[in-house]
Amino acid sequence: MRYARSASAVLAGTGVVAAVAVRARARTSSIPRVAATPAPALPTLSFADTVRLFARVLLPTIAKGVIIRRPAMVALAERLELDRAAVETVQRLRDVYPEGPLLVGPVLGRRWAMVVTAHQARRVLEQTPEPFATSTLEKQAALQHFEPRVSLISDGEARVQRRRVNDAVLEGHRPMHEMADAFVAVVRQEARGLLSAPGAPLAWNDFAPAWFRIVRRVVFGDGARDDHQLSAVMARLRAHANWAWMWPQQPRLRQKLFDRITEHLARAEPGSLAGLLARTPCGPLAAPVEQVPQWLFAFDPAGMATFRALALLASHPAHLDRARHEIAATEGRARRELPFLRACVLESLRLWPTSPLVLRETTRETRWANGAMPAGTGVILFAPFFHRDDRRLPFANRFAPEIWLGDQRPEVWPLIPFSLGSGICPARHLVLLLSTSLIAETIAAGGLRLTDPSRLDPRQPLPGTLNHFTLAFTRIG
Ligand code: HEM
């Protein structure tokens, strides 16, 4: 086994180094000091493996657009099978350095650690936010463009209060949101328009506007249904956010977004998240208006996952039959849980995770079986590796919704489309509710035929990338 213990100072960005050091000091100053016994450093990637990790795993993932997808880059990733290559690269690193976490760098001005085993992933997610903070420098650089006080990039008491507002309104604790009836009614109305012409094509450009009408109505109520400008402003700010530090922040445009959100929230429409937010007690640090851009932004990947789940069902007839039965058996019921459809959406997210990089930052030195990880390290959980590791998971590259029915078996852990632990997505149930409701409406209306079924041939391993921008269907009447 070869461990290169010398750091490869690739692209060292000194401003970032200083920022990491200052944050690590600030975060550790309140923690009582334990007698420090020097521990060996964790295995460190060789220079060649560091370059491989950045070139084949991180750069392609970032180039596709972390905050808003870049269609040309997604198309390139699909054509060159970059996501499959990324998983294979991490598998190879795990073979060479099986113990992990693997220290990397300094690269881009800081140390990184790549998590390659399930029990290390569990520790990082369970020990969030201390010592593994959700707020990392990279997330801050990106999210500050449009939501500088969102919970995900907050620390301490501010994080507690902001996360509490999100949990209260999005209802992360219950599978069926208290406003489920109103939300499902919105989905039904919008689906009618979307699916009204049997035989007509249905592409992403037809689906996305209908999806965002649903999103605006769920978040703000009917008064925001046609506020396309709001979505356009969000899209511009998100495009800047893709570049993080490399694009100057636009405070006036951001303020325009907050003003628009504030106007919509002021109506506090019953049956919308805005109505619920108005009734939710907020602490002085909660910044409720600034939690809302995250809601608008994060419903975009939910739309992608829904569209891909429709493609999976359209290409897997036995699963489609099971879905039809579930929909027919629950027709007319007030609150349908649709567990099989939920599992299909979760599979869409396992196969093509919309949050491929789950990042944490260590607030102090952490000790592991085989060494120490310094404070201020950026910890990387690369979800596609855990989800598609065909050496561990017999179902890695096929559509296997059954794995989501019942408890997640320990041997398949960690499947983390919505993350896990205290940083888990507070909207996971809400996403699944809207997504499954739209799929149910689509199937009940006759269903969809995939224009090019060869893209998801069930006899072949499913592709590492599925470009949702170019998926196209025909509506069956
Ligand atoms: C397919 C759709 C979605 C997926 C896959 C997803 C996934 C995730 C993941 C992986 C995280 C953790 C990120 C991290 O630790 O860096 C997260 C956090 C979060 N998500 Fe989602 N999300 C989705 C949709 C949504 C929606 C629609 C909302 C709001 C309506 C939302 C609200 C949030 C919030 C507020 C956080 C931050 C939680 C915290 O501060 O601890 N998400 N989501």
Side-chain angles (χ1 to χ4, degrees), residues 66-67 69 121 124-130 132-140 142-143 147 149-156 158-172 177 179 183 211-212 214-216 218-220 234 261 272-274 276-277 286-288 290-309 342 344-361 378-384 386-387 414-436 438 468:
V66 176
I67 304 296
R69 296 293 185 269
V124 170
L125 295 170
E126 283 178 354
Q127 296 181 6
T128 292
E130 182 60 47
F132 301 104
T134 59
S135 169
T136 70
L137 284 170
E138 302 70 30
K139 275 187 247 182
Q140 288 199 351
L143 298 181
E147 48 183 27
R149 293 196 290 166
V150 73
S151 61
L152 202 51
I153 52 169
S154 306
D155 285 313
R159 168 166 172 78
V160 171
Q161 293 188 16
R162 292 165 192 174
R163 172 80 209 200
R164 201 179 289 143
V165 175
N166 278 292
D167 276 327
V169 177
L170 304 172
E171 298 194 350
H177 198 280
M179 292 182 183
F183 296 161
W211 177 256
F212 279 108
I214 294 173
V215 170
R216 288 189 300 267
V218 165
V219 175
F220 299 117
M234 271 301 296
I261 288 176
S272 72
L273 297 178
L276 187 49
L277 182 61
E290 289 189 42
Q291 308 312 306
V292 178
Q294 172 75 16
W295 306 353
L296 298 172
F297 143 56
F299 267 123
D300 184 8
M304 294 178 212
T306 307
F307 207 51
R308 290 183 182 131
R342 281 188 177 226
C344 293
V345 178
L346 287 165
E347 262 305 82
S348 156
L349 285 165
R350 176 183 70 82
L351 290 160
W352 302 289
T354 55
S355 304
L357 291 173
V358 176
L359 300 181
R360 295 286 181 265
E361 189 173 295
V379 182
I380 304 170
L381 278 78
F382 185 57
F386 290 114
H387 292 190
L415 303 180
I416 49 168
F418 288 107
S419 185
L420 284 168
S422 76
I424 194 168
C425 175
R428 62 202 179 281
H429 296 304
L430 178 59
V431 165
L432 294 175
L433 172 73
L434 298 184
S435 174
T436 54
L438 186 53
H468 61 285

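We count ligands from 1, going down the list as the structure has it; atoms in each ligand are counted the same way.
Around atom 21 (Fe) of ligand 1, protein atoms of type N, O or S found under 2.8 Å number 1.
Thr134 contributes a side-chain N or O that, together with a main-chain N or O of Leu152, makes up a donor-acceptor pair within less than 3.5 Å. Looking at Glu147, its side chain never comes within 3.5 Å of a backbone N or O of Phe297 through a donor-acceptor pair. Proximity of a side-chain donor or acceptor of Gln291 to a complementary backbone N or O of Ala287 within less than 3.5 Å is detected. The closest donor-acceptor contact from the side chain of Thr136 to the backbone of Glu361 lies at 3.5 Å or more, if one exists at all.
Close approach of ligand 1 to Ala302 (heavy-atom distance below 4.0 Å) involves ligand atoms 1 (C), 2 (C). Ligand-side atoms of ligand 1 in range of Trp295: 29 (C), 30 (C), range being under 4.0 angstrom from any heavy atom. Close contacts of ligand 1 with Asn166, meaning ligand atoms under 4.0 Å from a residue heavy atom, involve 35 (C).
Summary of contacts: the protein heavy atom closest to atom 12 (C) of ligand 1 is Gly423 O, 3.7 Å. Among all non-hydrogen protein atoms, the one lying nearest atom 38 (C) of ligand 1 is Arg163 NH1, 3.2 Å. For atom 5 (C) of ligand 1, the nearest non-hydrogen atom of the protein is Thr354 OG1, 3.2 Å. Of the protein's non-hydrogen atoms, the one nearest atom 40 (O) of ligand 1 is Ser151 OG, 2.6 Å. In terms of protein heavy-atom proximity, atom 15 (O) of ligand 1 is closest to Arg360 NH1, 2.7 Å.
For Arg350, the salt bridge (Lys or Arg N to Asp or Glu O under 4.0 Å) criterion is met by Glu347, not counting sequence neighbours.
For the pairing with Leu277, the side-chain contact (heavy atoms from CB on, under 4.5 Å) check across Val219, Val292, Asn166 returns one residue only, Val292.
Between Ser348 and Arg308, the closest heavy-atom pair is OG-CB, 3.6 Å. Nearest heavy-atom pair, Pro356 versus Arg69, reported as atom, atom and distance to 0.1 Å: CD-NH2, 4.3 Å.
Neither the backbone nor the side chain of Met304 has any atom closer than 4.0 Å to an atom of ligand 1 (non-hydrogen atoms only). Contact annotation for Lys139 and ligand 1: only side-chain heavy atoms (C-beta onward) come within less than 4.0 Å of the ligand. Contacts with ligand 1 closer than 4.0 Å are made by backbone heavy atoms (N, CA, C, O) of Pro417 only, the side chain lying farther away. At a heavy-atom distance under 4.0 Å, no atom of Ile416 approaches ligand 1.
Here's the thing with Leu152: one of its N/O atoms is less than 3.5 angstrom from an N/O atom of ligand 1.
Two residues are said to be in side-chain contact when any heavy atoms from C-beta on lie closer than 4.5 Å; Leu273 and Phe183 meet this criterion.
Side-chain N/O atoms of Arg342 and Thr436 include no donor and acceptor closer than 3.5 Å.
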